[in-house]
Protein chains: 2
Amino acid sequence: MADLNNLISPFFLNEKEIRKIIELVFFSYRDFTAGPDQILEKLNFGRAHHRVIYFVGKKDKITIKELLRVLKITKQSLSRVLNQLVKEGFILVSTGSDKRTKNLSLTTSGLSLENELSTIQITKIKKVISNFNKEDIDGFIKILYEMIEADNKATFQHLNE
Amino acid sequence: MADLNNLISPFFLNEKEIRKIIELVFFSYRDFTAGPDQILEKLNFGRAHHRVIYFVGKKDKITIKELLRVLKITKQSLSRVLNQLVKEGFILVSTGSDKRTKNLSLTTSGLSLENELSTIQITKIKKVISNFNKEDIDGFIKILYEMIEADNKATFQHLNE
DNA sequence: ATAATTAAGTCAATATGGCTGACCTAAATA
DNA sequence: TATTTAGGTCAGCCATATTGACTTAATTAT
């Protein structure tokens, strides 16, 4: 992944500079989730609902088990959030071909909410990266990816097959 | 900030690719906080305690007001967490020169815990970026910074003056 | 000198998002 | 037929955050 002719020493960034990165991650993540949080609040939903809507939108007919692997929460935690989304008409549950499983899909209003929430984040990213060149964007994406642990890399890849 | 000779069209990344970035941010943030979370759990602390310890370590003698501006939580929320940290001997409170204010500092064990937690994240970042060249790392840092809203950019700058 | 503002603290109630443990049903598979 | 798997449910617990109302003490402005 790295160009061997251009490898930096691990000490190119000293500890003080690394600490700045820790802060940038904290502040940027908080600001990144703040937009959707505001929309969700009006519906009496939280970030957990957003995640479910996002990943059901990402992978139509996703099963409970798959969703649990992505979210890494307990089924009891998912259950509460999911039941609310179903009851309020944002998600539709159907039985899978393996009749033990269930397939989740967004309803029309689910799709609409998903869109509203994602648009905020997509617009933000588009706006930010429009000020950078291909090399910067590549670096951003590649390093983000390498920050992920192996098992979640697999989950990410699987989601994007 | 961007090289005008190398500006990309905002459509260089299509929506599908932008959505991948959303996922990378989610997974990487979760994995980034997972390490410290494990340590904190043993002490019956949570991520909120980590943040307080981090920023008190960052800026010795920080006041409650400053800390509230950084963390963007209510004083009631901070109060609970901070009182625990004081009671358990990780943070020391003294009166400021303006006698209405209080200055927070890490005790010896506070410093030791701060170090243990930060080392996990610093080591991780060092390990990750050691595989990338200067351009990639620059892109990563610059784009992270631009993901932050103006008021928090100011907070970040202030912390690093 | 008094009034207003500021920094900090506190009490109470509420919501969200997570957890563990125990237990159940129905369907698929060994 | 026995076991495993997918999913659900009840109950209780904890952490993190919120709003609102109110207090104290110190500083600053009039």
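Values in this document were obtained by computation on a predicted structure and should not be read as measured data. Chain naming here is simple, since letters A, B, ... match the order of the sequence lines and numbering starts at 1 in each.
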(request) Not counting sequence neighbours, which residues clear side chain to side chain donor-acceptor pair (under 3.5 Å) with Asn103(A)? List them please. (result) none
(request) Say whether Asn160(A) and Lys16(B), considering side chains only, have a donor N or O and an acceptor N or O under 3.5 Å apart. (result) no
Is [X] close enough to [N] that one of its side-chain N or O atoms is under 4.0 Å from OP1 or OP2 there?
X	N	result
Arg69(A)	dA6(D)	no
His49(B)	dT16(D)	yes
Arg47(A)	dT16(D)	no
Thr74(A)	dC19(C)	yes
Ser77(B)	dT16(D)	no
Arg80(A)	dT16(C)	no

(request) Step through it carefully: locate the ring centre of Phe140(A), locate the ring centre of Phe132(A), and say whether they are under 6.0 Å apart. (result) no
(request) Measure from the ring center of Phe45(A) to the ring center of Phe90(A) and say whether it is less than 6.0 Å. (result) yes
[X] [atom1] to [N] [atom2]: how many Å, rounded?
X	N	atom1	atom2	answer
Leu71(A)	dT16(C)	CG	C1'	16 Å
Gln84(A)	dA15(C)	CD	P	12 Å
Leu78(A)	dA6(D)	CG	P	15 Å
Ile73(A)	dT20(C)	CD1	C1'	15 Å
Arg51(A)	dT16(C)	CZ	P	15 Å
Leu40(A)	dT16(C)	CG	P	11 Å
Ile62(A)	dG7(D)	CD1	C1'	15 Å
Glu41(A)	dA15(C)	CD	P	13 Å

(message) Does atom CD (Gln38(A)) have a neighbourhood of more than 12 heavy atoms from anything else shown, all under 6.0 Å?
(response) no
(request) Check the angle between the aromatic planes of Phe55(B) and Phe27(A) and answer parallel, tilted or perpendicular using the 30° and 60° thresholds. (result) tilted
(message) So if I define the base as every atom that isn't primed, P, OP1 or OP2, how would nucleotides 8-13 of chain C read as a B/S/- string at a heavy-atom cutoff under 4.0 Å?
(response) BBBB--
(message) If you only use heavy atoms from C-beta on, which nucleotide in dG18(C), dT27(D), dA27(C) is closest to the side chain of Lys99(B)?
(response) dT27(D)
(message) Of the options dG18(C), dA28(C), dA17(D), whose atoms approach the side-chain atoms of Asp98(A) most closely?
(response) dA28(C)
(request) Identify whether Leu92(B) and Val56(B) are in the same connected component of the hydrophobic contact network (ILVMFWY, side-chain heavy atoms under 4.5 Å). (result) no
(message) If you assign Asn44(A) and Lys72(A) each to the DNA chain C nucleotide with the nearest heavy atom, which residue ends up on the more 5' nucleotide?
(response) Asn44(A)
